[in-house]
Protein chains: 2
Amino acid sequence: MRLTAKEISAALKEHGYKLTPQRRAIIKAITSNNDCLNPQGIYTRVRSQRAGIGLVTVYRTLEILTRLELICELPAGGIQRNYTLSASEHHHHLTCSGCGTVIDFTGHNLIDLENKLSRESGFIIESHMLEFFGLCQGCQKVS
Amino acid sequence: MRLTAKEISAALKEHGYKLTPQRRAIIKAITSNNDCLNPQGIYTRVRSQRAGIGLVTVYRTLEILTRLELICELPAGGIQRNYTLSASEHHHHLTCSGCGTVIDFTGHNLIDLENKLSRESGFIIESHMLEFFGLCQGCQKVS
DNA sequence: CTGTAAATGATAATCATTTTCATTTATACT
DNA sequence: AGTATAAATGAAAATGATTATCATTTACAG
């Protein structure tokens, strides 16, 4: 289940961060679409609604949200960083390389593989990342 | 099977690229260790052997090697890009977040999952990425 | 050995991200 | 509601990785 704007706001307050109009606007921008966003994209989207905000604030807020694991950074992609909303349970992503739409999926269990790798390599495994890339139906038509 | 220096050199020639001392040195640096490397790291390593090279050349060569899929860019990591040697077959990575050592592994089949996702989402899936992160035995002792 | 296109490297340019710091503001507490 | 205060904002400058420019050098085919 993807996090809601309300949940994110609550988490911020819980950790002692103030709820400013700028932060509200960023949270709204992130939660109202399910594509992935880079800092510049969020900046533009917030600006396009009447709201005043600086790019610096976007960067700072994204850093906080990442630290609290409310959003997560997506691998690869272009020059800028890409972020997507976190979810309440462990999941993976399927990202459209055309428009950036992100679909979450769960239920694929990698624990067995993780244990096997750990046993064979001697590593203590801390995390993993499973990402699929492709073209969504809309972008298939375009190309 | 990880690519050898000889194979990489051959591939470069095959594609019409000249085999300069600088390129040889970079290839040697990449193939002689199995940790992942960033541009600055390769630059330093090549310099530390008597060889003269500029950072710009490192960037250019890495770009060529990436384009020919002889090395691949690793996700996440720090500020700089990280690269690791490609291999002759499809595989995934287990990366030590301490020292950057990369272990390749194969044999985990994601085709079924890929088909299922494709069917359910309507995406045409083009690629995927499965990465594990942890601490190797050496780095476990240090920390 | 020679010609030539490709490669190199020093320098400068670009661009995302961070830092700085003066000003503004959310929030807890009268 | 008013106020104090630490946190947040934003403009401008700094940083740092990556890329472009261009004169010089070099690999290599003939």
Please list, in numerical order, the residues of residues 25-35 of chain A that have a heavy atom closer than 4.0 Å to any atom of DNA chain D.
none
Could you tell me which residues satisfy salt bridge (charged side-chain N to carboxylate O under 4.0 Å, His left out) with B:R2, sequence neighbours excluded, listed by chain and number?
B:D104
Within this structure, what is the CD1-to-C1' distance between A:I53 and C:dT24, rounded to whole angstrom?
15 Å
Which donor-acceptor pairs under 3.5 Å do the side chains of residues 66-75 of chain A make with protein atoms, sequence neighbours left out?
residue	atom	partner	partner atom	Å
A:T66	OG1	A:L62	O	2.7
A:R67	NE	A:E63	OE2	3.4
A:R67	NH1	A:Y17	OH	3.1
A:R67	NH2	A:E63	OE2	3.3

Find out if a path of hydrophobic residues (ILVMFWY) with successive side-chain heavy-atom gaps under 4.5 Å connects B:M129 to B:L85.
no
Please report, rounded to the nearest Å, how far the P atom of D:dT18 is from the OH atom of B:Y83.
7 Å
To the nearest 10 degrees, the angle between the two end axes of the helix from C:dC1-D:dG30 to C:dT30-D:dA1 (five pairs per end) comes to 40°
Any link between B:L130 and A:I103 through a network of hydrophobic side chains (Ile, Leu, Val, Met, Phe, Trp, Tyr) touching at under 4.5 Å?
yes
A:K18 has an atom NZ; how far is it from atom P of D:dT9, in whole Å?
10 Å
Look at all strands and tell whether A:G52 reaches a base, only sugar-phosphate, or nothing, counting heavy atoms closer than 4.0 Å.
sugar-phosphate
Could you state whether B:L19 and B:I42 fall into the same hydrophobic cluster, counting links through intermediate Ile, Leu, Val, Met, Phe, Trp or Tyr residues with side-chain heavy atoms under 4.5 angstrom apart?
yes
Are B:F132 and B:F105 side-chain neighbours, meaning at least one heavy-atom pair lies under 4.5 Å?
yes
Working note: A:N34 + A:V102, criterion side chain to side chain contact (heavy atoms under 4.5 Å, CB included); need CA distance, chi angles, decisive distance, verdict.
CA-CA 6 Å; A:N34 64 332; A:V102 176; 5.9 Å; no
Measure the distance from CG on A:L19 to P on D:dT9 and round it to the nearest whole Å.
10 Å
For the pair made of CG in A:N82 and P in C:dA16, what is the distance, rounded to whole Å?
13 Å
I'd like to check B:I30 versus B:Y83 (side-chain heavy atoms, cut-off strictly below 4.5 Å). Are they in contact?
no
In whole angstroms, the gap separating P of D:dA8 from CG of A:L62 amounts to 15 Å
Determine whether A:I64 and A:I53 fall in the same hydrophobic cluster, where Ile, Leu, Val, Met, Phe, Trp and Tyr are linked whenever their side-chain heavy atoms lie under 4.5 Å apart.
yes
Short side-chain N/O contact to D:dG10 OP1/OP2 from A:Q22, under 4.0 Å
yes
Results of salt bridge (charged side-chain N to carboxylate O under 4.0 Å, His left out) for B:K13 - residues two or more places apart only:
none
Starting from C1' on D:dC28, measure out to NZ on B:K13 and report it in whole angstrom.
7 Å
Taking all heavy atoms of A:Q40 and all of A:L55, pick out the closest pair and write down the distance.
OE1-CD2, 3.9 Å
Consider only side-chain heavy atoms of I, L, V, M, F, W and Y, link residues closer than 4.5 Å, and tell whether B:L113 and A:L117 are in one cluster.
yes
Is there a side-chain polar atom (N or O) of B:T20 under 4.0 Å from OP1 or OP2 of C:dA6?
no
Comparing nearest nucleotides in DNA chain D, the 5'-proximal residue of the pair A:I64, A:Y43 is A:I64
Which letters describe nucleotides 17-23 of chain C, given B = protein heavy atom under 4.0 Å from base, S = only from sugar-phosphate, - = neither?
SBBB---
Taking only the side-chain heavy atoms of A:Y17 (C-beta and beyond), determine which of D:dG10, D:dA8, D:dA29 contains the nearest atom.
D:dA8
